[in-house]
Amino acid sequence: MARSLLSHFPILSNSTSPLASSLSCAIAPSKCFPRHLFGRPKASSFQCLCTLSVSEPAVPETSSSVRKRIVSGVQPTGSIHLGNYLGAIKNWIELQNSYDTLFFIVDLHAITLPYETQQLAKSTRDTAAIYLACGVDTSKASVFVQSHVRAHVELMWLLSSATPIGWLNKMIQFKEKSRKAGDENVSVSLLTYPVLMASDILLYQSDFVPVGEDQKQHLELTRELAERVNYLYGGRKWKKLGGRGGAIFKVPEPLIPPAGARVMSLTDGLSKMSKSSPSDQSRINLLDSKDVIANKIKRCKTDSSTGLIFAPSTFIISAVSML
Ligand code: TYM
């Protein structure tokens, strides 16, 4: 078992592997746009920004000049909102100056719930444009579409085989999303989604992952999975099989900002701002006009309860639910 799994991690030990070469992704947009997902691509309307080359073996850092690596991504579903900006994208801009940064648009995550093909293709381009508009600089960071790099899915399959299903059943986001979607719309991929996210991160031997608070549990699973694979197949076992020994995967750390990690909905003070909320009034989209934003803020709920609440030592006035 160990031998067969290890032989499937060639990216970590063999720079000429198919996985490694698929990461050197200077792919022409017309070739790398997966047609089954996006229909016929318009090569002229989308510039693939893949400048990534991750084909080097994962050797331990030997000098302090080796930059630590950071990866992160946003799903191209709905429109990007203030929560995505404050919880994630804003922090990327600073980090790209001192780290080796990879920011992807996670289109494969977006198909875990029902989606519209044409719309997804458009949102994928729009999300890339928003990254750039927010200040992601392609001369410093690698920006690419997740589905353009096949190795994400290939590693996901290998990791799935090392993931106990009980770990996935516990995921809060799965429970929430599947409850909302209803049985007929709950796909297997919605359950295994965190394994794909782990693959996005572990594939690049990432050191840090800047995300909002809602992704904390997924990051914990990623760390546990890395440790599990390292324990099951790494170290001496790997060395005996001809590998370099040591850890197969780096165990990444989440980077959760002290402020803005959980921006709340404008219409429900108990829920986080979300792309999937049916009400557009619940979020401030980055592409909303000044007037629309002003209007949404004027109407937003500042508290989930109304009236005066008596607490033992003090009166808490929570009557104001409108600005
Ligand atoms: P997604 O697309 O739901 O959200 C993108 C980023 O925005 C953060 N975020 C928020 N931060 C503060 N307040 C909010 N209300 C809020 N809503 C969202 C999220 O925490 C996230 O950082 N599974 C991920 C995408 C992903 C990923 C990855 C991220 C896939 N692979 C690898 C990092 C590394 C997701 O669905 O994010």
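Starting from 1, each residue takes its place in the sequence as its number. When a ligand or atom number is given, it counts from 1 through the structure's own listing order.
Counting heavy atoms closer than 4.0 Å to ligand 1, residue S72 contributes atoms from both its backbone and its side chain. With a heavy-atom cut-off of 4.0 Å, I201 touches ligand 1 through its side chain alone. Counting heavy atoms under 4.0 Å from ligand 1, residue V74 touches it through both backbone and side chain. Under 4.0 angstrom from ligand 1, there are no non-hydrogen atoms of M264.
At the shortest separation from atom 37 (O) of ligand 1 among protein heavy atoms lies Q215 NE2, 3.7 Å. Of the protein's non-hydrogen atoms, G83 O, 3.0 Å is the one closest to atom 11 (N) of ligand 1. Here the heavy atom of the protein found nearest to atom 6 (C) of ligand 1 is A88 CB, 3.8 Å. Among protein heavy atoms, the minimum distance from atom 25 (C) of ligand 1 is reached at G73 O, 3.7 Å. In terms of protein heavy-atom proximity, atom 13 (N) of ligand 1 is nearest to V263 N, 2.8 Å.
Taking only nitrogen or oxygen atoms, main chain and side chain alike, H218 does not reach within less than 3.5 Å of ligand 1. Residue F104 has no nitrogen or oxygen atom sitting less than 3.5 Å from a nitrogen or oxygen atom of ligand 1, judged on distance alone. Checked against a 3.5 angstrom limit, the closest N/O atoms of G212 and ligand 1 fall inside it. Of the polar atoms of D200, at least one N or O is found under 3.5 Å from an N or O of ligand 1, judged by distance alone. When only interatomic distances are considered, the shortest N/O to N/O separation between N84 and ligand 1 falls below 3.5 Å.
The residue among Y193, Y204, Y85 with a heavy atom at the shortest distance from atom 23 (N) of ligand 1 is Y193. The closest non-hydrogen atom to atom 3 (O) of ligand 1, taken over R262, K275, H81, comes from K275. Scanning D214, L108, L203, L202 for the heavy atom closest to atom 19 (C) of ligand 1 points to D214.
H81 and N285 are not linked by any side-chain donor-acceptor pair at a separation below 3.5 angstrom, with hydrogens and angles left out of the test. The closest side-chain donor-acceptor pair between T124 and D107, if any, does not fall under 3.5 angstrom. Side-chain polar atoms of D291 and S289 form no donor-acceptor pair below 3.5 angstrom. Judged purely by distance below 3.5 Å, without hydrogens or angles, the side chains of T112 and S189 never pair a donor atom with an acceptor atom. Of the N and O atoms on the side chains of D137 and Q96, not one donor lies less than 3.5 Å from an acceptor on the other residue.
Checked by atom type and distance alone, the side chain of R262 never pairs as donor or acceptor with a backbone atom of M273 at under 3.5 Å. Without hydrogens or angle criteria, S72 side chain to P210 main chain gives a donor-acceptor distance under 3.5 Å. Of the possible donor and acceptor atoms, one in the side chain of S279 sits under 3.5 Å from a partner among the backbone N and O of Q281.
Counting atoms of ligand 1 from 1 in the listed order, those under 4.0 Å from a heavy atom of G260 are 12 (C). Atoms of ligand 1 found under 4.0 Å from any heavy atom of H109, numbered from 1 in the order shown, are 30 (C), 31 (N). Heavy-atom contacts of V209 reach the following atoms of ligand 1: 33 (C), 34 (C) (cutoff under 4.0 Å). Listed by atom number, the atoms of ligand 1 under 4.0 Å from Q75 heavy atoms are 2 (O), 35 (C), 36 (O).
Not a single heavy atom of L86 sits closer than 4.0 Å to an atom of ligand 1. Residue contacts with ligand 1 leave out S274, since none of its heavy atoms falls under 4.0 Å from the ligand. The closest approach between any non-hydrogen atom of Q146 and ligand 1 is not below 4.0 Å.
Between W167 and L225, the closest side-chain pair of non-hydrogen atoms falls below 4.5 Å.
Annotation: the span from L196 atom CG to S160 atom OG amounts to 8.5 Å, rounded to 0.5 Å.
Counting non-hydrogen atoms of other residues, nucleotides and ligands closer than 6.0 Å to NZ of K140 gives a total above 12.
Under 4.0 Å is where a charged nitrogen must lie from a carboxylate oxygen, and between D288 and K296 at least one such pair does.
Taking the six-membered ring for Trp and the full ring otherwise, F104 and H148 have centroids separated by 6.0 Å or more.
Classified by interplanar angle (parallel below 30°, tilted 30° to 60°, perpendicular above 60°), the ring pair F103/W92 is parallel.
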